[in-house]
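This report concerns only the one structure given below.
Heavy-atom basis, side chains included; hydrogens, waters and symmetry copies ignored. Just so it is clear: chains get the letters A, B, ... in the order the sequence lines come, proteins before strands, and each one is counted from 1.
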2 protein chains.
Amino acid sequence: MNEQLSAATPTDTSKIDGPSDAKVGQGAISSIRPVSTYELVVEQVKRAIFLGRFVPGDKLPPERDLAAQMLVSRTTIREAMRVLEGEGLIQVKRGAMGGLVVKAQTNLQANEIESYMEGQRELLDSIYEYRIANECMAARLAATRRNKDQLRRMGSCLKGMKALCETPAMRAITANIARFRALDSEFHLVVAEACGNRFIMQAVEDTRTAMFLPIGKVFKRLEDSANEHHEAIYAAIKDGDADAASEAMRLHIVTSRESLENLMPQDSGRRPKKSAKRV
Amino acid sequence: MNEQLSAATPTDTSKIDGPSDAKVGQGAISSIRPVSTYELVVEQVKRAIFLGRFVPGDKLPPERDLAAQMLVSRTTIREAMRVLEGEGLIQVKRGAMGGLVVKAQTNLQANEIESYMEGQRELLDSIYEYRIANECMAARLAATRRNKDQLRRMGSCLKGMKALCETPAMRAITANIARFRALDSEFHLVVAEACGNRFIMQAVEDTRTAMFLPIGKVFKRLEDSANEHHEAIYAAIKDGDADAASEAMRLHIVTSRESLENLMPQDSGRRPKKSAKRV
DNA sequence: ATGAATGGTCTAATCGTGATACCATTAGCG
DNA sequence: CGCTAATGGTATCACGATTAGACCATTCAT
């Protein structure tokens with residue numbers, strides 16, 4: 001994003017198309033950032049945690065096992081663990097029955113949430129726009145391509161989430177919130193899988209990973225509306241109704257964004273309802 | 001995508017949600033593929049070529065300059081050049097006025113195209129679905145967020161493309177096809193830039209890169225319809241009409257896919273108009 | 001107390017990368 | 001023709017990342 005340099009181009013294009021300066025977003029060659037193996041390990045473990053494959057209290061496999069599974073040396077695994085430990089994602093315990101324990105993300109105080117969310121607003125807007133683009137298409141395509149096993153797994157997620165919401169008292173338990181979010185992720189990922197498009201699948205996984213940090217510190221209770229929306233999406237996909245599936249997904253995501261909006265500063269001058277148009 | 005291993009999870013989730021097997025797409029930890037720096041160089045140079053920043057006949061900057069710009073050693077640059085040379089993307093010439101010359105992609109014979117495209121059909125479908133999802137959203141958002149400079153650059157691209165199409169004789173010139181594709185890429189990238197969403201921007205760039213190999217060997221003449229469609233997209237974005245911009249983009253991409261379809265085997269049993277629903 | 005599991009530490013070898021100098025080839029020019 | 005400059009080709013040494021393996025230290029269950 002820094003340097004730029006138009007290549008030695010003896011055959012000047014502009015001979016033909018005249019004033020076609022344009023030359024798109026910047027030049028062609030920019031600096032390379034070498035990627036260490038331990039960084040890749042960090043990324044993969046983070047992704048697993050962010051997608052809910054490990055919830056707080058779970059332990060990662062022992063270092064030796066991680067090394068074997070990832071086909072890297074234990075040294076590299078340990079470097080990665082130092083990073084994750086430093087970022088507060090895991091806690092390292094020595095001795096038997098010890099291990100690499102996934103920590104709960106610190107919840108912010110009520111008065112901290114607003115200012116925190118304010119700083120995340122732009123990122124969240126981008127993420128949700130991207131989600132609407134890709135997940136609506138995912139739902140649309142899934143409606144005509146899903147197979148029985150995928151429908152079964154979607155149903156399984158819905159069942160699990162409903163169970164977690166059953167008693168009001170359980171809605172504020174941290175561990176349950178983590179489990180709910182894991183099932184929520186899984187539902188959306190199965191829909192993406194069912195759409196049979198690897199690019200869209202990757203996009204959905206990426207957004208879920210990207211959402212973790214911004215909203216992980218904020219959620220304190222489960223939203224019932226999510227269950228209803230998930231049911232609607234599921235029903236439309238099961239019925240093979242592509243338009244309905246897409247619209248149900250859109251409504252779900254828009255609603256989800258709005259419920260986040262309630263955690264933000266109440267229209268304090270900003271938020272001039274720009275682009276109030278339906279996305 | 002190979003190994004899997006559910007973490008040591010003493011706190012069994014299934015205690016609560018009962019038969020929630022699900023456990024989404026596979027396990028959590030898979031093998032790491034270390035990424036060498038020279039691979040990153042290869043990727044970036046490829047991307048620059050695929051996006052049309054360098055067209056056949058252009059020369060990349062000299063090795064020493066590339067090394068300086070990318071902040072890597074010449075050794076690493078040279079490793080990357082070996083790969084690009086091996087893949088037939090560049091030709092290395094020694095001596096003064098020599099350099100790293102971008103080669104034209106070999107065009108296939110008419111009788112080869114069908115079987116080649118047949119093998120690419122699935123990939124192309126995925127790419128185009130992903131494009132529709134993201135670029136329609138990009139156009140929609142761009143309609144309300146674009147600034148004057150972005151409009152100017154879009155217009156500049158349109159002008160350049162029209163100029164290239166002016167005389168029928170010039171439509172089959174290889175160099176012109178490359179220039180046309182570069183401007184086409186640039187137009188779509190500026191739209192993506194104007195949407196102000198970095199995720200969508202990245203998605204658009206990714207798809208254009210992904211399209212290069214499948215269709216690079218096939219195109220032999222320029223399509224006029226692209227110009228008309230581009231004009232329509234531009235007009236809608238200029239007018240701030242989000243719905244029209246999105247729809248114009250959709251039409252453009254769908255048409256583009258259909259014109260590719262004409263290069264494929266003519267419904268030889270396959271292509272049972274599944275998902276014939278409008279995407 | 002003992003043993004097993006697990007993280008912590010150390011060491012030697014290997015490989016990727018960087019830095020630098022110098023060689024070989026080629027085009028342009030006096 | 002012969003120089004010079006630009007550019008790719010080669011060689012060398014140094015350093016850091018990664019691997020492989022052994023061994024130490026801590027903790028819990030029995």
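Looking only at distances, a side-chain donor or acceptor of Lys59(A) sits under 3.5 Å from a matching main-chain atom of Gly98(A). In terms of modelled atom types and a separation under 3.5 Å, the side chain of Asn134(A) and the main chain of Arg131(A) share no donor-acceptor contact.
Distance, Met97(B) CE to dG28(C) C1': 8 Å, rounded to whole Å. One atom, CG of Leu40(B), and another, P of dG16(C), lie 15 Å apart when rounded to the nearest Å. Atom P of nucleotide dT18(D) and atom OH of Tyr38(A) are separated by 8 Å, given to the nearest angstrom. The nearest whole Å value for the distance from the CD atom in Glu63(A) to the P atom in dA20(D) is 16 Å. Taking atom CG of residue Leu66(B) and atom P of nucleotide dT7(D), one finds them 11 Å apart after rounding to whole Å. Whole-Å rounding puts the Glu79(B) CD to dA11(D) P distance at 15 Å. One can place CE of Met81(B) at 14 Å from P of dT17(C), the figure rounded to the nearest angstrom.
Of all nucleotides listed (dA27(C), dT18(D), dT10(D)), dA27(C) comes nearest to the side chain of Ala96(B). Nearest nucleotide to the side chain of Arg82(A), out of dG8(C), dG16(C), dG8(D): dG8(C). Checking dT18(D), dC23(D), dG8(D) against every side-chain atom of Arg64(A), the shortest atom distance belongs to dC23(D). You'll find that the side chain of Leu100(A) is closest to dG7(C), out of dG7(C), dG8(D), dT18(D). The listed nucleotides are dT19(D), dG18(C), dG8(D); the one nearest the side chain of Thr76(B) is dG18(C). Checking dT17(C), dA29(D), dG8(D) against every side-chain atom of Arg94(B), the shortest atom distance belongs to dG8(D). Closest approach to the Thr37(B) side chain among dT17(C), dG9(D), dT19(D) is made by dT17(C) (side chain taken as heavy atoms from C-beta onward).
Legend: residues meeting salt bridge (charged side-chain N to carboxylate O under 4.0 Å, His left out) with Glu63(A), ordered by chain and number and at least two apart, are Arg74(A), Arg78(A).
Here Thr75(B) lies in heavy-atom contact (under 4.0 Å) with a base.
Each of Arg74(A) and Glu85(B) lies near DNA chain D, and the nucleotide nearest Glu85(B) is the one positioned closer to the 5' end.
Listed pair Ser73(B) / dA19(C) fails the phosphate criterion, with no side-chain N or O lying under 4.0 Å from OP1 or OP2.
At a cut-off of 3.5 Å, with distance as the only test, a side-chain donor of Gln202(A) or Asp206(A) sits close to an acceptor on the other residue. A donor-acceptor pair shorter than 3.5 Å can be found between the side chains of Gln150(A) and Glu193(A).
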